[in-house]
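I have placed the structure first, in the form of structure tokens, so that the comments after it can refer back to it.
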There are 2 protein chains.
Amino acid sequence: MSQVSPDAIERLLSRRGYRLTAPRRNLLEVMASLGDHFSADAVVGAAPEVGRATVFRTLRLLQDLGVVCQVVLDDGTLAYRLAPEEHHHHALCVECGSVEDFSSPALESVLREVEEATGFSVEAHRLELYGRCAACRAASN
Amino acid sequence: MSQVSPDAIERLLSRRGYRLTAPRRNLLEVMASLGDHFSADAVVGAAPEVGRATVFRTLRLLQDLGVVCQVVLDDGTLAYRLAPEEHHHHALCVECGSVEDFSSPALESVLREVEEATGFSVEAHRLELYGRCAACRAASN
DNA sequence: CAGATACTGACACTGAGTCTCGATTGCGAC
DNA sequence: GTCGCAATCGAGACTCAGTGTCAGTATCTG
Ligand SMILES: [Mn+2]
Ligand SMILES: [Mn+2]
Ligand SMILES: [Zn+2]
Ligand SMILES: [Zn+2]
């Protein structure tokens, strides 16, 4: 469940047969510097040397590799996030804007119950929580 | 958990002090005719007499009233849906494209456990399932 | 170090949603 | 009924997100 370093991602890229290009290295650094989630255009803005199309291509590639995931904000817009390769969900703080990953075996097993009850076979799912993080709650006690 | 009729929504609008205008009536009919979920532009296309801005304004109003909800498709794009006012989630069939609502008390109680374990206080959440519906599974047995 | 080809960047394009502002219109008051 | 006026509307320009094309460039393999 730990953060993936740009370095490790570079190794993953070449291991999978993708080329290690300057734009890709560049974008990995930028994303790591942008905090816990970022919009596509924030990346574009922070990497002026890299073309727009390349930013979107790279975002998609990294999603396919499982090291970038989408975050659905409360208004429905999408953000992106360097994320652990494992399955996880997001808890978004509406006060400070932070995103935390979490996973819950109990939750996954409830989904299996839903499958049995409804006949729907779940191949993938997405769960986002919106609320206030522990730090913000402590602060405004 | 039942479908909300255009008529009932019209009554809801005036009860809340909103005007019953021709564009609003028109859009409610159109949405009811568009099936279980639809894009904003599908509504625009199906209601040529109504201005684009009004379509988006009306979508937002109906979301605020709780009779339209967002559906996050598997690629992250948003669709809309005339939906029950109660809290619910979506099961999207990747084969036939249908959307079904469901709710699960067990799931909600797991979220309360997550709250206690993490200190994050959940004010809202969003869960979408992607898979194959019972009908499609039966068909391609 | 050369060649095949994966990758890039400029640019034009689509789709989704917002904003402004002058023109309409629904509806409560009379 | 009709009057007044705030609520609403429509046109259109604008922003932001993402895609497709295509000629040029750079990476990796041999
Ligand atoms: Mn899960
Ligand atoms: Mn729920
Ligand atoms: Zn917070
Ligand atoms: Zn189906």
Run the ring-centre check on A:His125 versus A:His89 and record whether the distance is less than 6.0 Å. yes
Rounded to the nearest 0.5 Å, what separation is found between the OG atom of A:Ser39 and the CG atom of A:Leu34? 8.0 Å
Under 4.0 Å between a Lys/Arg side-chain N and an Asp/Glu carboxylate O for A:Asp101 and A:Arg81? yes
What is the distance, to the nearest angstrom, from the CG atom on A:Leu20 to the P atom on C:dT5? 21 Å
To the nearest angstrom, how far is B:Tyr18 atom OH from D:dC9 atom C1'? 16 Å
Between D:dT27 and A:Arg24, counting only base atoms on the nucleotide and side-chain atoms on the residue, is there a donor-acceptor pair under 3.5 Å? no
Nearest to side-chain heavy atoms of B:Arg60, which nucleotide of C:dT18, C:dC27, C:dG9: C:dT18
Does the D:dA13 base have a donor-acceptor partner in the side chain of B:Arg52 within less than 3.5 Å? no
N/O (side chain, A:Tyr80) to phosphate O (OP1/OP2, D:dG18) under 4.0 Å: yes
Separation of atom CZ in A:Arg19 from atom P in C:dA6, rounded to whole Å: 7 Å
Below 4.0 angstrom from OP1 or OP2 of C:dG9, is there any side-chain N or O of A:Thr54? yes
Rounded interatomic separation in angstrom, taking CG from B:Asp75 and P from C:dA16: 11 Å
Any base atoms under 4.0 Å from A:Ala53, or only sugar-phosphate, or nothing? Heavy atoms, all strands. base
Could you tell me the separation between the CG atom of A:Asp41 and the C1' atom of D:dT15, rounded to a whole number of Å? 10 Å
Taking atom types as they are modelled, is there a donor-acceptor pair under 3.5 Å from the base of D:dG10 to the side chain of B:Arg57? yes
Spacing of A:Arg16 atom CZ relative to D:dT27 atom C1', expressed in whole Å: 20 Å
For B:Leu82, which of B:Val4, B:Val68, B:Asp36 qualifies under side chain to side chain contact (heavy atoms under 4.5 Å, CB included)? B:Val68
Please tell me if A:Thr21 has a side-chain N or O lying less than 4.0 Å from either OP1 or OP2 of C:dT8. yes
